[in-house]
Each structure stands twice: as structure tokens, then as C-alpha cells.
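Just so it is clear: chains get the letters A, B, ... in the order the sequence lines come, proteins before strands, and each one is counted from 1. Both backbone and side-chain heavy atoms feed into the values below; hydrogens, waters and symmetry mates do not. Everything quoted here is computed from the prediction, not taken from an experiment.
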Amino acid sequence: MTSLTLNAIVSQMAAIEQFTNNILKILEQDARTTPAQIAVMTGRTEQEVKDQIAALEQKGIIKRYKTVIDWAKAGRERTYAFIDVKVTPSRGVGFDDVAERIYKYPEVQSVYLVSGEYDLRVVVAGTSLKEVSFFVSEKLATIDNVQATITHFVLKRYKEDFEIFEDTSEDRRLSVAP
Amino acid sequence: MKPISHIAKTVPASGIRKFFDIVSQMDDVISLGVGEPDFVTPWRIREACIYSLEKGYTNYTSNYGLLELRKHISTYLNERWGLHYNPENQILVTVGVSEGLDLAMRAILNPGEEVLIPEPSYVSYKPCVLFAGGVPVPLGTTPESGFKVTPEQIAAAVTPRTKALLISYPSNPTGATISREELQAIVDVAREHDLFIISDEIYDRLTYEGHHTAVPELNGAYERTILLNGFSKAYAMTGWRIAYAASTPDVIEAMMKIHQYTMLCAPIMSQMAAIEAIKNCGRECDEMAEEYNRRRRLIVAGLNNIGLDCTIPGGAFYAFPSIKKTGLTSEEFSERLLFEEKVAVVPGNAFGECGEGYIRCSYATGIDQIKIALERMERFVENLGVEGRLKAAGRE
């Protein structure tokens, strides 16, 4: 009896995992898909979908719903730079503290602690080369404990967040086929 | 000039072809008429092929196919279904399941022998039997039986000339799947009448309801079954033309002889790609299947909502709704839908007479496209309804 119950629990957990995975995949493709539409696609009720999405939001698995914008097309060119930052941690000031000082700037898109020669990988977005340079020299480099920086300006984006930019692939299939 | 062969002359071209010609002249058509995945072959498979070309793999292979590929296929069939096929003499790598089917027919049929074909069925089954000198015997199925052939139907159609039964689950065009028990009952009838079973299982990885059963797994099936499967649908590799047949050494030897003299071998670059697919791409395969499953639920719900009654397809990537309520024939419905709303579907009668009154809607198309197609179809059916009411009121 116990093993039967255990099997039931295991298969129920697998079903929930699949349900969750389905929701995430659908929302990742199109965050505007309604709970009613997701319910159809997953074979669950609308309420179940709403509850599950709420739980995913609460757990921070779904962080937010954002829009991927091609700023260049919108006529607002953006400049991105990857900045490697070498940090000297000192008593009472660890990597986390330095990272926090950096990520609080709204220009900063992301900050990672990384292995290798440098410690932090910072991604900065600005409207111009000048603006980004200014941010690095005036704000970033001057933070205590920041020992050195290397700035790599992004020249071209090929792929971001699994999304291929300037994707030239088209549907080459015959429009009607057996 | 003397005339071309009688068979070549009389076998009609696929009904799908005519439709394709119309669609290809039009712009902005959303096509639910495509019988192949919308995914491009996973990059790692393409990359493996490119690498093999760079290394100079451009030669013929063994007639049976690369032994390494046959070994992987053998292992795969064993791990998945517990089947034992010797890679040396029980597996033949073919140029698509289409070639495998042709070889199977030519290997087993004598002139005039009959092959039972449950319909609606894939468009090439009947012609393949005819080209091999056989006689196709269609067995019509309906939504009431879930588009599944019954053992009684088979038994009733058997004559002294019946040689084989050709089945395919999950089915193109209906998406029908079949349970292990139902399949065993079919195998039992085939055994009783000593028939070959040719089982086209190309859609096996796209099974959404229950689990797929491979025919040779069943009691009394192994020694009489020619299992046909391939890479096209599971790994989105249609254009590579790469598949395999597995059966007894005698049958594979016979098929190999025909293959040897007509095809020599499957292209080596496709075989190299297939090795990468079968070795390393199970995850990609499952992810594509999950995506199809989400679309399946969306399209089936959408079609039923419009009033086009649709049984739930358990596999493949097709829905096969009834359009009988509209009073139009399959071809009228499909043509008008195409011209009036620019949605392409395939009329059901292209898959056999019993497909009349149905259309095949492929969901190997992105979710956004499916949503738009459903909106257009809804408008089309609503307008038909208005037209019908006007006619009924004598105010046409």
C-alpha cells in the first residue's frame, strides 16, 4: 500500500512539474497569453492556471513580464558595454557589498560574480558611447575596493536571451505537403 | 510513341498536389496543410553533418547503411521497446520511410496479392501497393471507432489472396493512436490469417495520450512484422530522407536486394546526421513533442468551439475535424476557406474515400499562426451559417 501511495505521489509531482514547465514555456514565448488560453493549451482549468502562475510569481520563478524591444528600430540607439571589475575585498566589505553599490545604478542592466581573473561582470546600457564611458570612469572606477576595470563595448548583438537578432531563417517548407 | 506503363498512367497524382499548386500562387496564406515539422533540424545534428563533410565522408556506405548507425538503431529499439534486432542483418537504413514502404511491398508481394489498408491513410500507401503489382484493399474507419481499424473489419476483408496488413499509429491524417490491447487484437487476427504486418511508426515519438506500443513487441507479432520508422518527424529531419526498416533476416535480405539495385545506399551525410540524432538528441525530441502537445490542445479546442467536431487526436500533428455540418464537400470547404480566408487545409478525401466530410489541419505551425487561422476559420464558418439560413429562408 505504501509503495502505491508513493507512486501516486511521484506521478502527481511529475504532472505538476510538467504543468509548470508548460506554463513557463508558453509565457516565455508570449507573456500576454491569457490564463484562459493557457488552460486550453495545458488541459487544466483557468483557476488552476491562475493559482499556479501566482505561486510561480510568489516564489520568484516568474520575476516579471518584460517586452523585448528593438531600440535601434525605434530610433533610439542604445550602447551596451560589458565591464569586468576587479575587486579587493576588505574587512567588512565583501563582493556582495561592492556588487550592491554597482547594481543600484539604473544604468546597470546586470551584475554577475564570476570566476577568473576579474570578479564582477557588469552590463551597462547607455544612450551613447560617451555616456557609458562617463559612467565607468566617474562612478564605477571610483568605488572603494574597485581595483581595476576593463570595458568591452558591444559592437553587434547576435543573440540575446535565447533570441537570435536579425534572424534570417524563414519557413522554406512547401505550403501543402502530405 | 508507345504508351507509358498502364500502372504509371492510371495511378492518380496525389490530391494534395493540386492544392499545393493553388496555394503557392497566393500571398499571406496561413497553411495548416503542411505535413512536416515547422522546426528546423536541431543545430547539433546539422553541425555533425557539416563536420562529417569537412572530414571527407562523401563515399558510399554498406547497402544496409553504416554499421555504427544500425547499431545505434538496434540499441534504441531495445532500450525503448525491449526489441531485439541484429544490426548485422535485421536492420536496413532507407531513404525515408517512403522507400522502406516501397521495398517492403516489393519484397513481399506477388502480382495480384492484396494488402489491407485502414483509411483515412497516408497518401502513398495505395500507390505503393499498386506499383508493386499488388491490390490495395481499403478499410474505411470513422470517428465513432476513433479512426481505428477493428479486428472484425480485418477478418471480414481477408481473402485467400490477402498477404499483408499495413497500419500506422499514430496516424497521418487523423492523429489516431491505439491502445496496446486493441493492437494485440489486431495482431491476433493477422496471425490467425498468417498475414504480414507492415507497421509505419514514424510518428511514435509524437504520442500525447498514453504510451506508444511498437507492433513487434506484441505476442506473435515479431516474426511477421516489418517495422518502419525514421528520423523525419521525431528530429525534424524530413529533407534528410533518412529512415530504417527492421524485420526478420529473410525479409530484410529481400528488401536489401531491391535497395541495393535501385538506391545502393542512403546518403552518407544523412546517415552521419542520424547518428548524432539518435545518440544525443532525445531532449530536443521531447521538447518539440511538448510544444506540439500545447498546440494540439489549442487547435482541437478551437475547432470544436467553431462547431467543427473534432475527436481528440492522441498523436502525430494533425487534427481531423468533420465539416459535414456545413453541407459542403471537403474540397469545396477547403477551396472556399482558402480563397475567402486564406487558410490552407487538406481535404479529407485526399486520404481515402472515407475521409470525405473531413479536413486535415496540421498544427506543425507556430501558436500565433494557429490562433489567427482559428479566427479566420470561425469567421468563415459563421458566414457559411448565415448563407445557409438565407438559403433556408428562400431569400438567396
* salt bridge (Lys or Arg N to Asp or Glu O under 4.0 Å) partners for A/Arg157, two or more places apart ->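 Scan of A/Arg157 (salt bridge (Lys or Arg N to Asp or Glu O under 4.0 Å), adjacent residues dropped) gives A/Glu160.
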* **Test salt bridge (Lys or Arg N to Asp or Glu O under 4.0 Å) applied to A/Lys66 - qualifying residues, sequence neighbours left out** =>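 Per chain and number, A/Lys66 pairs via salt bridge (Lys or Arg N to Asp or Glu O under 4.0 Å) with A/Asp161.
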* **Residue among B/Gly239, B/Gly302, B/Ala301, B/Ala364 with most heavy-atom pairs under 4.5 Å to chain A** =>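 Max contact count across the listed options: B/Ala364.
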* To do: Compare every heavy atom of A/Pro178 with every heavy atom of B/Val123, then report the nearest pair and how far apart it is.
  =>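 Nearest heavy atoms, B/Val123 then A/Pro178: CG2-CB, 3.6 Å.
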* To do: Measure across B/Ala344 and A/Val176 and return the closest heavy-atom pair with its distance rounded to 0.1 Å.
  =>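 Residues B/Ala344 and A/Val176, closest heavy atoms: CB-CG2, 4.4 Å.
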Non-hydrogen atoms of chain A under 4.5 Å away: do they reach the side chain of [X], the backbone, both or neither?
X	value
B/Val34	both
B/Pro173	neither
B/Leu32	neither

* Asked: Applying side-chain hydrogen bond (donor to acceptor under 3.5 Å, both in side chains), which residue pairs with at least one partner in residues 102-111 of chain A are found, sequence neighbours left out?
  ->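 Every side-chain hydrogen bond (donor to acceptor under 3.5 Å, both in side chains) pair that includes a residue of residues 102-111 of chain A, provided the two are not neighbours, is A/Glu100-A/Lys104.
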Heavy-atom donor-acceptor pairs under 3.5 Å, chain A with chain B:
| from | atom 1 | to | atom 2 | distance (Å) |
| --- | --- | --- | --- | --- |
| A/Asn21 | ND2 | B/Glu290 | OE1 | 2.9 |
| A/Asn22 | OD1 | B/Arg294 | NH1 | 2.4 |
| A/Gln29 | NE2 | B/Glu291 | OE1 | 3.3 |
| A/Met41 | O | B/Arg297 | NH1 | 3.1 |
| A/Arg173 | NH1 | B/Glu36 | O | 2.7 |
| A/Arg173 | NH1 | B/Pro37 | O | 3.4 |
| A/Arg173 | NH1 | B/Ala364 | O | 3.0 |
| A/Arg173 | NH2 | B/Ala364 | O | 3.2 |
| A/Ser175 | O | B/Ser31 | OG | 2.3 |
| A/Ala177 | N | B/Gly33 | O | 3.0 |
| A/Ala177 | O | B/Gly35 | N | 3.2 |
| A/Ala177 | O | B/Arg360 | NH2 | 2.8 |
| A/Pro178 | O | B/Asn172 | ND2 | 2.8 |
| A/Pro178 | O | B/Arg360 | NH1 | 2.9 |

* Considering residues, nucleotides and ligands other than A/Tyr112, do more than 12 of their heavy atoms fall under 6.0 Å from its OH? ->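 No - once you tally the heavy atoms of other residues, nucleotides and ligands closer than 6.0 Å, there are 12 at most.
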* Check whether more than 12 heavy atoms from other residues, nucleotides or ligands sit under 6.0 Å from atom CD1 of B/Ile312, and answer yes or no. =>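 No - once you tally the heavy atoms of other residues, nucleotides and ligands closer than 6.0 Å, there are 12 at most.
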